[in-house]
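Read the numbers this way: they start at 1 and go in the same order the structure lists the ligands and their atoms. FYI, side chains are in, hydrogens and waters are out, and symmetry mates aren't considered; it's all heavy atoms of this structure.
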Amino acid sequence: MAVRPEPLKTLNQYQILNTIRIAGAISRTEIAQIVGHSRATVTNITSKMIRNDLIYEKEVEGSAARGRNRILLAINPDAAYVVGVKVSAFRIGCVVTDILANVKSSVVMPVRTSERPVEFVSDLIEEAVRHCVKEAGLSLKQISGIGIGIPGLVDSREGVSYWSPLYSRGEKTLRELIRDRFNIETYVDNDSNTVTLSQLWRGQGLGVNNFAVVTVEDGLGMGLIVDGELYRGSNGFAGELGHFVATPGGVQCRCGKKGCYEAYISNFGILNAAKGLCREGVWKCDDADSLSYEDVLEEARAGNQALVEVFKRAGQYLGHALSGLMQLLNPSKIIVTGNGARAGDLIFGPMREMIEESTAPELLKAAEVVVHEWQDMDWALGAACLVLQELYKSPLDRCVAAEKMQEALKAE
Ligand SMILES: [Zn+2]
């Protein structure tokens with residue numbers, strides 16, 4: 001078994017490494033100012049990190065006034081590698097990244113995972129991981145951890161999924177199955193949380209301490225960063241914005257309740273409303289059952305007023321939800337993302353109007369709402385960040401010793 005690091009030392013390492021990561025390259029004096037430790041403490045901790053190739057000294061030209069070159073510290077990108085996997089109903093996406101979340105290789109496998117046994121899903125993940133690691137020119141021994149993002153209610157501490165629209169549960173959890181196959185530490189979390197981490201690490205949330213990410217897809221998800229950390233709540237289920245009942249007794253939701261935000265805002269909710277209009281004859285279309293979200297979006301863009309109203313209602317509910325977030329949490333940013341962002345102004349125009357109408361001016365001013373251009377790999381990248389977050393917490397125990405860690409797991 002690995003020796004557990006002392007909590008205070010671990011916290012200091014984490015703060016220092018994270019400060020270097022966010023800055024890119026930074027001097028010891030500046031680190032000391034930011035983290036609030038003495039320069040001696042910073043020097044002591046960073047020298048250990050340098051010895052272990054976790055960080056390195058980078059000489060940059062000094063300012064014209066003083067002329068002397070400055071020695072900055074930067075993270076060695078090759079100090080560790082991790083894998084991120086995103087499992088969704090019709091595909092599995094996988095990335096390998098270095099310790100700075102730079103993508104080394106990626107693969108997307110178009111396979112149906114819904115309602116398959118968890119063992120079957122594990123087989124597919126195993127294949128994707130092996131392929132991706134090889135593509136990156138690495139061996140499994142160099143991988144420090146595997147992160148997996150799945151939809152539904154996930155207890156990240158236990159790695160257990162309580163409710164997922166995907167695979168059916170077996171005797172072992174997905175986390176146990178993957179960990180056992182590779183002898184590599186594995187982390188599982190809700191996919192909205194993983195995509196939120198990708199924003200914290202590389203996206204719009206870099207250096208922002210309090211923000212929310214709202215994902216509009218077939219479902220409606222949310223992830224929260226509070227004081228620079230993912231907020232999970234008392235048993236890991238925080239952020240269930242999608243199944244917050246906005247209109248009691250309203251539209252039927254997939255979760256069994258009525259009137260949830262998701263039932264109005266998600267692609268699935270929009271498609272259902274459009275199918276209803278088709279069946280009622282308001283929208284003259286051939287076959288309600290074979291309609292897709294893309295058909296509905298195309299028709300609304302062509303000016304079908306009844307469908308424009310469906311998107312408008314979705315946007316208003318979204319604005320209502322975001323206004324509630326602003327009032328409750330006072331975030332400095334809300335990032336709206338997901339493939340539902342394709343609807344553009346059909347949704348975001350009414351969303352912005354509703355936000356302005358329903359939010360106190362002081363809170364409105366504090367929060368910037370941005371729509372993040374959708375990138376499919378964000379999901380898998382986020383799952384990789386789930387591992388990186390753990391690595392940064394005890395870097396000397398984990399990054400340097402991926403191989404030793406694997407031996408320890410094998411011996412357990
Ligand atoms: Zn619901």
field: All pairs passing disulfide (SG to SG under 2.5 Å) where residues 262-343 contributes a residue, at least two apart
entry: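 For residues 262-343, and leaving out neighbouring residues, the disulfide (SG to SG under 2.5 Å) pairs sorted by first residue read C278-C285.
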- request: May I ask you to decide if the ring planes of H320 and Y261 are parallel, tilted or perpendicular, using 30° and 60° as cut-offs?
  value: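 Geometry flag for Y261 against H320: tilted rings.
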task: Mind checking ring pair (Phe, Tyr, Trp, His ring centres under 6.0 Å) for F211 and listing every partner two or more places apart, or none if nothing turns up?
output: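 Once residues adjacent in sequence are excluded, F211 has no partner under the ring pair (Phe, Tyr, Trp, His ring centres under 6.0 Å) criterion.
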field: Sub-2.8 Å protein N, O or S atoms surrounding the Zn ion (ligand 1)
entry: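 Near the Zn ion (ligand 1), below 2.8 Å, one finds H243 ND1, C253 SG, C255 SG, C260 SG.
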- prompt: Between R181 and S122, do the side chains contain an N or O donor and an N or O acceptor separated by less than 3.5 Å?
  reply: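 No, S122 and R181 have no side-chain donor paired with an acceptor closer than 3.5 Å.
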- prompt: How long is the gap from NZ on K48 to CD1 on I16, to the nearest 0.5 Å?
  reply: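 Output value for this atom pair is 10.5 Å.
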Let me have the donor-acceptor pairs involving side chains of residues 353-368, under 3.5 Å, with sequence neighbours excluded, atom names and distances please.
from: S358; atom 1: OG; to: M354; atom 2: O; distance (Å): 2.5
from: T359; atom 1: OG1; to: S323; atom 2: OG; distance (Å): 2.9
from: T359; atom 1: OG1; to: I355; atom 2: O; distance (Å): 2.6

